[in-house]
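Structure first, then comments.
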There are 2 protein chains.
Amino acid sequence: MCPTENDLSTVRRTLHRADGDSGNSRVEQKERTRQRLIESALALIGAGSGYTALSLREITREAGLAPAAFYRHFRDLDELGLALVEMGGVTLRRLLREARRDGIPPTDMLRGSVQIYRRFVAERSEVFRFIAGARGGGSRAIRDAIRTEESHFASEMAQDLRTLGTLPELSSATLQMICGLVVTTMLNAASDILDLPDGHIQAEREMIENFVRQLRVVFLGAARWRDD
Amino acid sequence: MCPTENDLSTVRRTLHRADGDSGNSRVEQKERTRQRLIESALALIGAGSGYTALSLREITREAGLAPAAFYRHFRDLDELGLALVEMGGVTLRRLLREARRDGIPPTDMLRGSVQIYRRFVAERSEVFRFIAGARGGGSRAIRDAIRTEESHFASEMAQDLRTLGTLPELSSATLQMICGLVVTTMLNAASDILDLPDGHIQAEREMIENFVRQLRVVFLGAARWRDD
DNA sequence: TATTACAGTGAACATATGTTCACTGAAAGG
DNA sequence: CCTTTCAGTGAACATATGTTCACTGTAATA
């Protein structure tokens, strides 16, 4: 009856979050299985099947849940897809952050950035697989969401170039246009890299080299650009 | 009863190929329904559903055939997909041919080419929808086939630039690399154009303008490029 | 402590799918 | 003319899918 008791136990549960992993409250548990669903979807994508080939039952099976449980977290597959898009967005943001933190190699800044990117694509390959697959394939809503995310990424990149003092005479609009070009080139390269027969490091080298050169062309053109 | 009668009718059918459409022989008939299957697939893609969402039964239904008839023409859906890729290839070749025939507008050759391209995308929208959708989404075999087709297209384009005398100081390898960049930019633009909410011609204008500017950056960079 | 909210279950449903098989009818060819 | 070939049929199959519903146990709450 004493009102403090329940408060205390609640608090205890809430505070114990340090040991075990990350909480036991009801909402936390729910959030955790939601994440489990998302990660199961990513795992399946990583295991080969494209996003469009994904089925609700497959995902819940992978997550160890009954099919009906899916509806407690997402209205339909597209909603799960949108969560994946968002996850793709944070991955890209992390990429930028990391590139910023590492600082740009003094001489060959382009090749350096590409190396970081290459590592990122390899490490979070499922995410890039998803984006590459759903960018043209998925439902309308998902394609739009991906486009939005790409655009945000391009803006952030333009902002970074600004702060870095690269291409100082270009207008913001032009910078944005150029970063858009860079982004599509990046995503296209990711898709190519992921489809490389593994082992053939020579083919990978060539592909990366081609990628670097394409970016060089873009920045060469950007430096030459005159707004009017 | 008279033996000539059958022969005559056969001959009549065979020779009459001029009127009606294109023949009645057994192989011709088969080829025609094969085409019907391909076009049904394209129609379904045009009507919204992505290539990966296509089903054998859906296609035969659209074509007015029993599901089992499909196997008389393709081993599985992927084989039909490869036929679609090839069709995409000839579409791109036609694009180049048409651009060549029309001749390049003296002053603004880039904007002119983009206009031709825009028209092509609009007219054969289903083909471009398919390519955009299957480029990242479809099965491994199909993605590879599309990549091959893109590469051929890039080569042919490089060849054209050579004959046209554009960028004369670039090596063939460099030219190929640059055309590769142009091709991915083109396909990306196609996918963007096709997703435009129709009616909004202002949005289309901006999108095309952005596309033109991106290509301008690429060619500006190409002109600046020095092989070493 | 008794009540409520609700994440997850398991069974059932209506529908779709790919693939098989023996078949039919008409064109092709000896 | 008689036989062979073969594109297309229609029914059946095993399997998959999305969605529903009444349910159960347990955490939250009052």
Side-chain angles (χ1 to χ4, degrees), chain A residues 1-17 20 23-38 40-41 44 49-81 139, chain B residues 1-17 23-38 40-41 44 49 51-81 139:
Chain A
M1 301 293 180
C2 147
T4 48
E5 202 202 40
N6 284 322
D7 292 340
L8 275 181
S9 62
T10 301
V11 167
R12 196 183 304 129
R13 252 196 307 278
T14 305
L15 290 185
H16 258 239
R17 192 181 300 182
N24 273 330
S25 88
R26 203 133 168 183
V27 295
E28 286 166 323
Q29 181 60 255
K30 175 165 185 181
E31 177 59 23
R32 218 173 300 135
T33 83
R34 192 189 125 102
Q35 287 302 327
R36 193 143 45 94
L37 283 170
I38 293 180
S40 299
L44 288 170
S49 41
Y51 161 72
T52 36
L54 241 49
S55 80
L56 180 153
R57 288 185 110 103
E58 217 177 347
I59 294 173
T60 52
R61 209 179 304 137
E62 173 84 10
L65 295 176
F70 185 90
Y71 296 101
R72 303 283 176 204
H73 302 273
F74 305 100
R75 188 186 307 279
D76 53 20
L77 273 174
D78 258 28
E79 204 166 295
L80 191 263
S139 74
Chain B
M1 304 290 180
C2 143
T4 47
E5 202 201 42
N6 284 323
D7 294 339
L8 275 181
S9 63
T10 301
V11 168
R12 195 183 302 131
R13 253 195 307 276
T14 306
L15 292 185
H16 257 240
R17 194 181 295 181
N24 272 331
S25 88
R26 206 137 165 179
V27 296
E28 286 166 324
Q29 180 61 255
K30 174 165 185 182
E31 177 58 22
R32 217 172 303 134
T33 82
R34 192 188 126 102
Q35 287 302 328
R36 192 142 47 91
L37 282 170
I38 293 179
S40 299
L44 289 169
S49 40
Y51 162 73
T52 36
L54 241 48
S55 79
L56 180 154
R57 288 184 111 103
E58 217 177 347
I59 295 173
T60 53
R61 208 180 303 137
E62 174 84 10
L65 295 176
F70 185 90
Y71 296 100
R72 302 284 177 201
H73 303 272
F74 305 99
R75 190 186 305 280
D76 53 20
L77 274 173
D78 258 28
E79 204 166 295
L80 191 262
S139 74

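To find a chain, count down the sequence lines: A is the first, B the second, and so on, and within it residues start at 1.
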field: Length of the CZ-P vector between A:Phe74 and C:dG8, whole Å
entry: 11 Å
- request: For A:Gln29 and D:dT26, give me the distance from atom CD to atom C1', rounded to whole Å.
  value: 11 Å
query: Mind checking whether B:Lys30 and B:His73 have side chains closer than 4.5 Å, heavy atoms only?
result: yes
query: How many Å lie between CD1 on A:Ile59 and P on D:dT17, as a whole number?
result: 10 Å
task: Mind calculating the distance between CZ (A:Phe70) and P (D:dT17) to the nearest angstrom?
output: 13 Å
- prompt: Side-chain N or O of A:Thr33 less than 4.0 angstrom from OP1 or OP2 on C:dA7?
  reply: no
query: In whole angstrom, what separates B:Arg32's CZ from C:dA27's C1'?
result: 14 Å
message: Can you confirm whether A:Phe70 sits close enough to A:Leu80 that some side-chain heavy atom of one is under 4.5 Å from a side-chain heavy atom of the other?
response: yes
- prompt: For A:Ser139, which residues count as a side chain to side chain donor-acceptor pair (under 3.5 Å) partner, sequence neighbours excluded?
  reply: A:Asp78
task: State whether B:Arg26 places a side-chain N or O below 4.0 Å from either non-bridging phosphate oxygen (OP1 or OP2) of D:dG8.
output: no
field: Distance, rounded to the nearest Å, where B:Arg61 contributes CZ and D:dT9 contributes P
entry: 14 Å
- request: Report the distance from atom CZ of B:Arg34 to atom P of D:dC6, rounded to the nearest whole Å.
  value: 17 Å
Look for any protein N or O under 3.5 Å of an N or O in nucleotides 18-22 of chain C and output each such pair with its distance, or none.
residue : atom : partner : partner atom : Å
C:dG18  : OP1  : B:Leu56 : N            : 2.7
C:dG18  : OP2  : B:Leu56 : N            : 3.3
C:dG18  : OP2  : B:Arg57 : N            : 3.0
C:dG18  : N7   : B:Arg57 : NH1          : 2.5
C:dG18  : O6   : B:Arg57 : NH1          : 2.9
C:dT19  : OP2  : B:Tyr71 : OH           : 2.7
C:dT19  : O5'  : B:Tyr71 : OH           : 3.2

query: With a 4.5 Å limit on heavy-atom distance, are the side chains of B:Phe74 and B:Leu37 in contact?
result: yes
- line: Residues at least two apart in sequence or cross-chain that pass side chain to side chain donor-acceptor pair (under 3.5 Å) with A:Ser40, listed by chain then number, are none
query: Which one, D:dG8, C:dG8, C:dA7, comes nearest to the side chain of B:Leu65?
result: D:dG8
- prompt: What are the two closest heavy atoms between B:Ile59 and B:Ala41, and how far apart are they?
  reply: CD1-CB, 4.1 Å
